[in-house]
Number of protein chains: 2
Amino acid sequence: MSLRHAVLGLLADTSASGYDLMKSFETSLDHVWHATQSQVYGELGKLTAAGLLEVSDEGPRGRKEYVVTPAGRDELRRWLTETEPVRQRRNDTLLRVFFLGELSTQEAVGFLEREAERCAGERAALEEVEKTVGRVEPFSVNGRLALEFGLRLATMQEEWARWAAAQVGAREKAAGAQDGAASHDASGRPVEPKDPESSER
Amino acid sequence: MSLRHAVLGLLADTSASGYDLMKSFETSLDHVWHATQSQVYGELGKLTAAGLLEVSDEGPRGRKEYVVTPAGRDELRRWLTETEPVRQRRNDTLLRVFFLGELSTQEAVGFLEREAERCAGERAALEEVEKTVGRVEPFSVNGRLALEFGLRLATMQEEWARWAAAQVGAREKAAGAQDGAASHDASGRPVEPKDPESSER
DNA sequence: TTGAGCATGTAAACTGTTACATGATTGT
DNA sequence: ACAATCATGTAACAGTTTACATGCTCAA
């Protein structure tokens, strides 16, 4: 239910139109709380009906500018101070990792290495953003903390993917040393190695 | 749409009933791909209708055991090898960080420190799991890779939260040194410091 | 015989995505 | 005149959550 608080939070900083908010969602908030245009306009209506927002101005092209009401600001504070963040319960990459046993060792290693590359790319992109925003104010002071989080996450994820690829690769070697044959059955799926006493962490 | 693949993936390992699957979702997959009982039973029906699963056995209490069909295994492989993981686009904690400006410096630092504690707790819990699973096989080989990811994530997140708390705290000090007064306005919200030349990263 | 655990399902409400639909204003 | 961009909204569908509803089996 945090779309509501994302909208409230953005408007707490400066009043804006739905269109303006969408630009914030697409740029600064894109990796933090993704939202579609449909959702934003819908939520603006609901928040206004609930008395947490008000239309402060109407401009050309039917533009409506919204401001947070005192009740809205209270709700935002309540959310920040009295409710626990709900943590992520889904991670597509990790889900795939669980089922890597369906692939050959080579395929699994390939998957993890592509993952590492993806993260490296992401980190590079974030480093670019960091340079770009420099000391420019529009990018919120606290947004900078979030950016740092993204950077650390991408770094960690890349390191993990490389480590995991090495782990899976080591399993292959261990199995190969045991029976001297390719460790796949007819279906191309890997054979479970008996005891891969692999480690290094 | 990965609930489908989570179910397929679990059944690719061993055939099971909806009830059995739910236990997997609640234990090993809980942090990786959360699902509710409603969803699982619904998806089993859809997958069977689509020919990706079959009921292999019916036991007491209306128990139905499902197996993956060759088509199901193909679909699983296709998903693993030919589709890109979709990455997370929402993070409640980070969203809150964006709006920390609504709180006093003390409150913001408190938020970040609580966050650090939460992560420390999580890490401890995962370390416990790691010890518990030991060399027990039911916990998938690749699940171990996911566990390591969780461990690294919790560690990184805790470090980040402590760093961020220090950053925010440093802003307070800088502002205090400038005007020698508490940097809050009447509403208890922080006053924007002019130029907190804080760094250390 | 009773309670814990096994086992399946449905309905309603809510949240999120995709696609469509419309039109005004501004700069070139 | 035209394109780009501003600007708002709706509808259909897909996915998710919460709550309800039901009944069987087994061991103590």
Side-chain angles (χ1 to χ4, degrees), chain A residues 1-8 10-11 15-27 29-50 53-66 79 83-84 86-92 95, chain B residues 1-8 10-11 15-27 29-50 53-66 79 83-84 86-92 95:
Chain A
M1 243 264 296
S2 286
L3 171 65
R4 137 164 315 204
H5 299 107
V7 169
L8 233 28
L10 287 172
L11 287 171
S15 54
S17 67
Y19 190 85
D20 296 336
L21 290 179
M22 267 321 288
K23 279 187 293 188
S24 295
F25 274 103
E26 280 161 11
T27 55
L29 243 49
D30 191 47
H31 291 78
V32 164
W33 203 270
H34 176 82
T36 61
Q37 184 248 42
S38 273
Q39 269 182 296
V40 170
Y41 282 106
E43 198 61 45
L44 284 170
K46 284 183 222 162
L47 282 164
T48 306
L53 294 182
E54 266 172 16
V55 176
S56 59
D57 192 21
E58 308 213 9
R61 282 169 289 215
R63 179 179 210 269
K64 284 186 246 172
E65 196 164 87
Y66 293 86
W79 173 66
T83 66
E84 281 264 297
V86 303
R87 59 129 174 257
Q88 285 323 125
R89 296 165 89 81
R90 277 173 192 140
N91 182 325
D92 195 347
L95 179 63
Chain B
M1 243 261 297
S2 284
L3 171 65
R4 139 164 314 204
H5 300 107
V7 169
L8 231 30
L10 287 172
L11 287 171
S15 54
S17 66
Y19 190 85
D20 294 338
L21 290 180
M22 268 319 290
K23 279 187 292 188
S24 295
F25 274 102
E26 280 161 11
T27 55
L29 243 46
D30 191 47
H31 292 77
V32 164
W33 204 270
H34 175 81
T36 61
Q37 184 247 41
S38 274
Q39 270 183 296
V40 170
Y41 282 105
E43 199 61 44
L44 284 170
K46 285 182 221 162
L47 283 165
T48 305
L53 295 182
E54 267 170 17
V55 176
S56 58
D57 192 21
E58 308 212 10
R61 283 169 288 216
R63 180 179 209 270
K64 285 187 248 172
E65 198 164 85
Y66 293 86
W79 171 68
T83 66
E84 281 264 297
V86 303
R87 57 129 176 257
Q88 283 327 122
R89 298 165 86 82
R90 281 178 188 132
N91 182 325
D92 197 346
L95 179 63

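So you know, we letter chains A, B, ... as the sequences are listed, proteins then strands, and number each from 1.
Among the nucleotides D/dT17, C/dG16, C/dT25, the one closest to the side chain of B/Arg90 is C/dG16. The side chain of B/Met1 lies closest to D/dG15 when the candidates are D/dT17, D/dG9, D/dG15. Comparing D/dG23, C/dA24, D/dT17 against the side chain of B/Thr36 picks out D/dT17 as the nearest. When the nucleotides D/dT16, C/dT8, D/dT5 are ranked by their closest atom to the side chain of B/Leu3, D/dT16 comes out on top. Candidate nucleotides D/dA11, D/dT16, C/dA7 were compared by shortest atom distance to the side chain of A/Ser38, and D/dA11 ranks first.
In terms of position along DNA chain C, the nucleotide closest to A/Ser2 lies nearer the 5' end than the nucleotide closest to the other residue of the pair A/Ser2 and A/Pro60.
Contact between the side-chain N/O atoms of A/Gln39 and the OP1/OP2 oxygens of C/dT15 is not found at any separation under 4.0 Å. OP1 or OP2 of D/dT5 has not a single side-chain nitrogen or oxygen of A/Lys23 nearer than 4.0 Å. Between A/Tyr41 and D/dG9, a side-chain N or O to OP1/OP2 separation shorter than 4.0 Å is absent. Checking the phosphate oxygens (OP1, OP2) of C/dA7, a side-chain nitrogen or oxygen of B/Arg63 falls inside 4.0 Å.
Rounded to an integer number of Å, the gap from CG of B/Leu21 to P of C/dC6 is 14 Å. Residue A/Glu26 contributes atom CD, which lies 13 Å from atom P of C/dT17 at whole-angstrom precision. One atom, CG of A/Leu44, and another, P of D/dA7, lie 13 Å apart when rounded to the nearest Å. Counting to the nearest Å, the C1' atom of C/dC6 and the NZ atom of B/Lys64 are 15 Å from each other. For the pair A/Gln37 CD and C/dC20 P, the interatomic distance rounds to 14 Å; values are reported in whole Å. What separates CZ of B/Arg61 from P of C/dG3 is a distance of 18 Å, to the nearest Å. A straight line from CH2 of A/Trp33 to P of C/dT15 spans 11 Å, rounded to a whole angstrom. The distance from atom NZ of A/Lys46 to atom P of D/dG9 is 14 Å, rounded to the nearest whole Å.
For the residue pair A/Val86 and B/Asp92, the shortest heavy atom distance occurs at N-OD2, 3.0 Å. Of all heavy-atom pairs between A/Asn91 and B/Gln88, the closest is CA-OE1, 3.6 Å. In plain terms, the two heavy atoms of A/Ala6 and B/Leu95 that are nearest each other are CB-CD1, 3.8 Å. In plain terms, the two heavy atoms of B/Val40 and B/Ala35 that are nearest each other are CG2-CB, 4.2 Å.
A heavy-atom distance below 4.5 Å is not found between the side chains of A/Trp33 and A/Val7.
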